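So that the names make sense, note that chain A is the first sequence line, chain B the second, and so on, each numbered from 1. It should be emphasised that the depicted structure is a prediction, and the values quoted were computed from it without experimental measurement. As a basis for the values below, the full set of heavy atoms in this structure was taken, side chains included, without hydrogen atoms, waters or symmetry mates.
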2 protein chains.
Amino acid sequence: MRIEAPRTADSHDPKLQKILAAAKEVFLEHGYAAASMDLVARRAKASKTTVYTRFPSKEALFAATIVTECERHGMLFRAEDFDHLPLDEALLRIGGRFLDLVWSPEALRTHRIVMGEAARFPEVARVFYDTGFVQTGEAVARFFVRAKERGLIAVDDPAFTARQFLVTLKGFPDCGISLGLCEPPPAAERDAYLRKVIGEFLRGVAAPPA
Amino acid sequence: MRIEAPRTADSHDPKLQKILAAAKEVFLEHGYAAASMDLVARRAKASKTTVYTRFPSKEALFAATIVTECERHGMLFRAEDFDHLPLDEALLRIGGRFLDLVWSPEALRTHRIVMGEAARFPEVARVFYDTGFVQTGEAVARFFVRAKERGLIAVDDPAFTARQFLVTLKGFPDCGISLGLCEPPPAAERDAYLRKVIGEFLRGVAAPPA
DNA sequence: GTCTATATACAGATAGAC
DNA sequence: GTCTATCTGTATATAGAC
């Protein structure tokens, strides 16, 4: 299944925008299979025919919807934004922004649906991966490369370490949160968690040699 | 949706076993919505009526199938199994077993489906979480508690650190692998990756104070 | 271009024969 | 208990009116 652009390229088509907005609601609420084109049309206050004028199939509408959603949350920050802060403070800010995004209700629902449909929509999974994990990883990698140049960290492969850092931030809590079993923590609790994680990340857990 | 036991409690019912085996194949291959009871019946070489004698609905069959699958992969190891090894070697062995499990084709497919259906089947998500992440986390936590008692690691909360360690093992590669975009690495490459991750985990990444 | 109404297909669940 | 055949609902996609 190719990712197809809507038939009309006009991004100022107001019907198209309403359809995409409705589709986002419906797909994020019900998932791919349980969503119906009928409901999308009703929510967009249009008829199904109108929807099918813009998108040739349910699959195409789904792909366009998720891709649009992924691109909406583009890059989080530039590497230079945090250069003036002490290392642990910079990592805390980066981590806070990152978790705000990945633990937002929309991102969580999108992740669940993309995972569930990854076999059927590999191109959608690819876009989610590229715009989410990879792009963010690159931004953080640039920060880590600069941190290494400034002598703040001592690692062989700062890009690798940066990507691992992102995953470490999500940590164990993400296992329950991504499955919808636990609520994302409020900001204060989340920052306490982040400090703990970042502390171990920076200093390691091994006992100092006796 | 409650998780219902099959109507017949007899675990030696051969038809029941064939139905569960067929259901596992069909659900893991197609996901919940795209799977059909017809196909399950055909694969089990039984009629749909027979399937409905054992399970009252498609939902019940799905829940029973995933739960059975989760419970099949129970605990990975006992904490004591690795006590005799040097710390980094023990962590390498633990990590290898863990990644063998979570990056197996069956576990990856199960994870995708459970994520996708988490909103509709929270009890299934709960079982997946408990038998997967939590149970494994507890086993590793016992190892870390012992490691702390033996003075090998210096952390406040060894159970917390253990759970974070598990997530760190999956690391960035898991982002692409869980979406089906990258293949799990072969054993040698995986071990090289693990050594890198475990090294940073133990020693931290911060530059030593000048 | 947009709508109502419909063709077509498929899947979950069951009735009734044996 | 098991099977064949079927009922019923629903969803994608489209034909035809305006």
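Look at CZ on B:F55: it is 13 Å from P on C:dA13, rounded to the nearest Å. Taking atom CD of A:E59 as the reference point, atom P of D:dA13 lies 8 Å away to the nearest angstrom. Per the geometry, CG belonging to B:D38 stands 15 Å off P belonging to D:dT6, to the nearest Å. Here the C1' atom of nucleotide D:dA11 and the OH atom of A:Y32 are 11 Å apart, to the nearest Å. Per the geometry, CG belonging to A:L39 stands 13 Å off C1' belonging to D:dT10, to the nearest Å. Whole-Å rounding puts the A:R42 CZ to C:dT4 C1' distance at 14 Å.
Counting distance only, with no hydrogens placed and no angle test, the side-chain atoms of B:T49 and the base atoms of D:dT4 include a donor-acceptor pair under 3.5 Å.
Of the candidates C:dG12, D:dA11, D:dC3, the closest approach to any side-chain atom of B:K15 belongs to D:dC3. Among C:dC3, C:dT14, D:dT2, the nucleotide with an atom closest to any side-chain atom of B:R54 is D:dT2. The side chain of A:K48 lies closest to D:dA13 when the candidates are C:dG12, C:dC3, D:dA13. Set against D:dA13, C:dA13, D:dT2, the side chain of B:Y52 has C:dA13 as its closest nucleotide. Closest to the side chain of B:S47, from the set C:dT4, D:dT12, D:dT2, is D:dT2.
Between the side chains of B:H73 and B:E69, at least one donor N or O sits under 3.5 Å from an acceptor N or O. Residues A:T161 and B:E200 have side chains that bring a donor and an acceptor to within less than 3.5 angstrom of each other. A:S47 and A:T50 share a side-chain donor-acceptor pair at under 3.5 Å.
Phosphate proximity of C:dC3 to A:T50: present, with a side-chain N or O under 4.0 Å from OP1 or OP2.
In this structure, B:A35 reaches the sugar-phosphate backbone alone: every heavy-atom distance under 4.0 Å involves primed, P, OP1 or OP2 atoms, never a base.
Between the OG atom in A:S57 and the CZ atom in A:F62 there is a gap of 11.5 Å [rounded to 0.5 Å].
Looking at which nucleotide of DNA chain D each of B:A46 and A:K58 is closest to, the 5′-most match is held by B:A46.
The six-membered or imidazole ring of A:F121 lies near that of A:Y32, with a centre-to-centre distance under 6.0 Å.
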